[in-house]
Chemist: 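The structure is given below, and queries will be raised subsequently.
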Amino acid sequence: MVFQIQVSRSLQIGGQLFGAVFLAGLVVAQFASGFAAQASASRLLYAMGRDSVLPKAVFGRLSEKFHTPVANLVITGVVGLIAIFLDVATSTSFINFGAFTAFTLVNASVVFHYVRQRRAGQQLNPVSYVVVPVIGAIICAYLLSRLDSNAITLGVSWLVLGVLVLALITRGFKASPPEMTATEKATVEAAA
């Protein structure tokens with residue numbers, strides 16, 4: 001629906017030629033955005049597999065020939081195909097849920113960093129480390145609350161699943177999460 005409105009407005013503003021150029025640009029931008037998202041998501045899944053957060057046999061492997069996480073590219077491609085059945089507004093809400101949640105938590109982490117550093121005796125600027133991040137967190141939380149209800153439901157479900165997985169791999173938050181070892185770092189750097 002949003003897609004049709006944008007194309008319709010471009011036809012009204014500039015006629016057939018402008019509408020065609022606008023539509024072509026929109027299609028190219030959507031494909032480029034999709035490819036970037038697929039590539040970054042597959043690399044994220046690879047890193048999680050490599051660090052044994054996800055099953056290493058599936059997610060933590062690179063192709064011998066291309067040095068890319070081929071299985072993860074296929075998985076993200078299949079998941080991306082599901083988006084064919086969503087309208088632009090709904091899929092945008094799903095993406096924005098992740099972004100706004102991440103930005104809210106990043107802002108909150110700056111405040112926690114400030115508190116931790118203050119306890120260690122370091123002086124930090126409270127405006128930069130408390131006031132601005134709190135304002136940012138409030139704005140992001142507000143925008144998060146304005147998203148589509150389906151996006152909020154699915155996003156919260158996914159977030160809860162992630163916390164449960166983290167609790168499982170850290171034995172109830174008693175152990176540190178897995179990290180990359182020096183040997184794995186050397187392997188990754190050699191492959192790049």
Side-chain angles (χ1 to χ4, degrees), residues 32-56 58-62 68-69 72 75-76 79 89-192:
S33 176
F35 286 141
Q38 184 177 7
S40 61
S42 67
R43 286 290 178 172
L44 178 63
L45 290 173
Y46 166 72
M48 293 173 73
R50 178 197 62 211
D51 295 344
S52 299
V53 174
L54 294 174
K56 197 174 219 168
V58 176
F59 296 99
R61 294 177 40 194
L62 292 175
T68 58
N72 297 337
I75 291 167
T76 56
V79 171
T90 302
S91 61
T92 302
S93 286
F94 287 148
I95 293 166
N96 286 339
F97 179 88
F100 291 144
T101 301
F103 296 148
T104 302
L105 295 175
V106 164
N107 280 301
S109 70
V110 171
V111 175
F112 285 109
H113 174 74
Y114 173 81
V115 170
R116 188 181 220 184
Q117 294 303 313
R118 291 281 295 186
R119 286 183 184 159
Q122 187 175 357
Q123 296 296 321
L124 299 174
N125 183 347
V127 173
S128 299
Y129 286 88
V130 178
V131 176
V132 173
V134 166
I135 291 170
I138 289 169
I139 291 170
C140 289
Y142 171 75
L143 293 172
L144 186 61
S145 73
R146 307 300 299 163
L147 292 177
D148 181 68
S149 62
N150 292 329
I152 292 172
T153 302
L154 182 64
V156 168
S157 301
W158 195 247
L159 184 62
V160 168
L161 179 64
V163 170
L164 291 174
V165 168
L166 182 62
L168 180 69
I169 63 175
T170 60
R171 295 181 203 98
F173 304 107
K174 294 177 183 166
S176 296
E179 291 186 23
M180 190 172 10
T181 64
T183 306
E184 289 173 321
K185 283 181 186 177
T187 304
V188 170
E189 288 169 1

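Heavy atoms only: backbone and side chains are in, while hydrogens, waters and symmetry mates are out.
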Chemist: Distance check, rounded to the nearest 0.5 Å: Leu44 atom CG versus Ser40 atom OG?
Modeler: 8.0 Å
Chemist: Which residues pass the side-chain contact (heavy atoms from CB on, under 4.5 Å) test with Ile139, sequence neighbours left out?
Modeler: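 So Ile139 forms a side-chain contact (heavy atoms from CB on, under 4.5 Å) with Ile135, Leu143.
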Chemist: Could I get the full list of side-chain contact (heavy atoms from CB on, under 4.5 Å) partners for Thr170, not counting sequence neighbours?
Modeler: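 Per chain and number, Thr170 pairs via side-chain contact (heavy atoms from CB on, under 4.5 Å) with Leu166, Phe173, Pro177.
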Chemist: Look up atom CZ in Arg146 and atom OH in Tyr142, then write down how far apart they are to the nearest 0.5 Å.
Modeler: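 With rounding to 0.5 Å, CZ (Arg146) is 4.5 Å from OH (Tyr142).
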Chemist: Between Thr68 and Arg43, does the side-chain contact (heavy atoms from CB on, under 4.5 Å) criterion hold? Intermediate values first, please.
Modeler: CA-CA 8 Å; Thr68 58; Arg43 286 290 178 172; 4.0 Å; yes
Chemist: If you measure from CG on Asn96 to OG1 on Thr101, what distance do you get to the nearest 0.5 Å?
Modeler: 10.0 Å
Chemist: Do Ile75 and Phe59 come within less than 4.5 Å of each other through their side chains, counting heavy atoms only?
Modeler: yes
Chemist: Which distance, rounded to the nearest 0.5 Å, do you find between the CG of Asn72 and the CG of Leu54?
Modeler: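 Reported to 0.5 Å precision, the distance equals 8.5 Å.
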Chemist: Check residues 111-118 and write down every donor-acceptor pair under 3.5 Å in which the side-chain atom is one partner and the other belongs to a residue at least two apart or another chain.
Modeler:
from, atom 1, to, atom 2, distance (Å)
Arg118, NH1, Gln123, OE1, 2.8

Chemist: Once you round to the nearest 0.5 Å, how far does CZ of Phe97 lie from OG1 of Thr153?
Modeler: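 Those atoms lie 9.0 Å apart.
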Chemist: Looking at residues at least two apart in the chain, or sitting in another chain, which of them share a side-chain contact (heavy atoms from CB on, under 4.5 Å) with Ala41?
Modeler: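 Testing Ala41 for side-chain contact (heavy atoms from CB on, under 4.5 Å), a comparison that skips the adjacent residues, returns Thr76.
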Chemist: With rounding to the nearest 0.5 angstrom, report the OG to CG distance, Ser145 to Leu147.
Modeler: 8.0 Å
Chemist: At their closest point, which heavy atom of Asp148 faces which heavy atom of Ser93, and how far apart are they?
Modeler: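 Result for this residue pair: CB-OG, 3.5 Å.
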Chemist: Taking atom CZ of Phe94 as the centre, does the number of heavy atoms from other residues, nucleotides or ligands within less than 6.0 Å exceed 12?
Modeler: yes
Chemist: Would you name the heavy atoms of Val110 and Ser128 that are closest together and state the gap between them?
Modeler: CG1-O, 4.4 Å
Chemist: Could you pull out all residues at least two apart from Val53 that satisfy side-chain contact (heavy atoms from CB on, under 4.5 Å)?
Modeler: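 Only Met48, Asp51, Ile169, Pro178 meet the side-chain contact (heavy atoms from CB on, under 4.5 Å) criterion with Val53.
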